[in-house]
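First the proteins, then the strands, lettered A, B, ... as listed; each starts at 1.
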Amino acid sequence: MDRASTVGQRPSCEAAARGIAMEEVVLPIGEFDLEMTLESGQCFRWRRVGERGYMGVIGRSVIHARHVPMGHGRVGALAVRVVGGTVPDRLEALIVHYFDLARDYPAILRTLRCDQAFARVAPRRAGIHILRQDPFEVIISFIVSANNHIPRIRRILDRLCARYGEEIWTPFGPMYSFPRPEVLAEARLSELRHECGLGYRDQYVRATARAIAEDADFAQWAEWPTSVLRRRLLALEGVGEKVAECILLFGFHRLEAFPVDVWIARAMRALYFPDRMPRVREIQACAAERFGAYAGIAQQYLYAAFRSSGSRKRQPLPGEGAE
DNA sequence: CTCCAGGCATGAG
DNA sequence: CTCATGCATGGA
């Protein structure tokens with residue numbers, strides 16, 4: 001039978017049209033931990049498939065990635081294939097770039113661990129990488145993240161993509177690209193608010209989408225110095241201090257950016273300000289001094305350590321528990 | 001029921 | 001400049 005006819009209305013879905021027998025690319029990954037990275041709160045749209053697998057959208061490609069443990073060695077590998085959408089020319093290069101696999105995270109972690117307080121609570125293994133996500137997706141995602149729970153952020157973004165993104169067929173069901181700025185710019189507020197569940201953030205999302213859609217220079221933002229870019233981000237509706245840092249770190253790969261949320265404030269207080277709650281400015285100055293150009297990576301390890309250990313109530317700090 | 005979530009915009013002092 | 005308050009929503 002004619003396979004292509006089943007997706008005839010969507011000629012762009014080459015991977016789907018050819019079935020899922022796409023070749024699998026296997027990459028060495030060192031200490032990289034796919035699960036920790038994808039569950040670290042920097043991205044919201046990857047979803048678990050099976051035991052060790054994850055599926056997500058990178059650009060117009062749907063990627064399935066799974067961790068492959070290697071024999072008796074400590075390090076494993078990453079098995080990746082395209083299961084929908086556009087087939088990239090060089091899948092391996094795309095994956096190395098997206099997961100930042102070429103960077104020496106273990107060396108960075110060793111440097112960060114020179115700080116004794118950090119070393120006490122940080123993991124020994126550099127499992128979490130900073131992804132190279134699409135800037136616009138990160139901007140909208142973290143506007144949505146403000147004063148919100150991660151599970152709900154996920155649901156809101158899923159609905160946003162299903163409604164305004166483009167459908168990409170996969171054997172696991174439909175996936176969606178992230179909506180383009182021009183599309184969100186035209187969205188109806190009531191639809192954003194009630195159908196997508198954005199609540200009072202409806203206006204922030206649309207206004208920001210409009211600002212970016214109308215800014216012919218947006219593609220150049222990635223070339224701007226961090227301080228200039230930070231200013232520009234803060235001018236977007238719904239983007240404050242914390243969200244701007246998240247966008248710098250997760251959307252523009254500025255590894256010195258240091259988002260301070262409630263968890264990081266608790267962590268930094270516990271580590272460096274035991275007898276008082278410092279201001280955000282102090283926390284950032286402290287982070288810049290101690291973690292320098294890789295403050296953002298330190299932040300991710302701190303966030304992971306404190307978020308997972310925290311169930312609302314007073315808790316022993318990670319590291320001061322069982323010793 | 002209340003409280004909180006990877007905060008922000010706004011207005012008062 | 002700093003500080004307090006309201007805010008949509010839904011899970012705990």
A:R155 side chain near C:dG11 phosphate (N/O to OP1/OP2, under 4.0 Å): yes
Most 5' of A:F250 and A:L234 on DNA chain B, judged by nearest nucleotide: A:F250
Separation of atom NE2 in A:H149 from atom C1' in C:dC7, rounded to whole Å: 15 Å
Selected nucleotide, minimal atom distance to A:Y204 side chain, candidates B:dA9, B:dG7, B:dA5: B:dA9
Centroid-centroid under 6.0 Å between A:Y294 and A:Y105 rings: no
A:E39 and A:Y54: side chain donor to acceptor below 3.5 Å: yes
Integer-rounded Å distance: B:dG7 C1' and A:Y200 OH: 7 Å
Contact under 4.0 Å: A:R279 side-chain N or O vs C:dC3 OP1/OP2: yes
Note: A:E195-A:R188 ion pair, threshold 4.0 Å (strictly below): no
Any A:R152 side-chain nitrogen or oxygen under 4.0 Å from OP1 or OP2 of C:dA12: no
Sugar-phosphate only, base, or nothing, as touched by A:S141 at under 4.0 Å among non-hydrogen atoms: nothing
A:E191-A:Y164 side chain donor-acceptor pair, cut-off 3.5 Å: yes
Sugar-phosphate only, base, or nothing, as touched by A:G238 at under 4.0 Å among non-hydrogen atoms: sugar-phosphate
B:dC3 pairs with, by Watson-Crick or G-U criteria that keep both distances under 3.5 Å: C:dG11
Most 5' of A:V239 and A:V260 on DNA chain B, judged by nearest nucleotide: A:V260
Sugar-phosphate, base or nothing in reach of A:L302, heavy atoms under 4.0 Å: nothing
Sugar-phosphate, base or nothing in reach of A:E245, heavy atoms under 4.0 Å: nothing
Sugar-phosphate, base or nothing in reach of A:F142, heavy atoms under 4.0 Å: nothing
Ring centroid separation A:F32 to A:H129 under 6.0 Å: yes
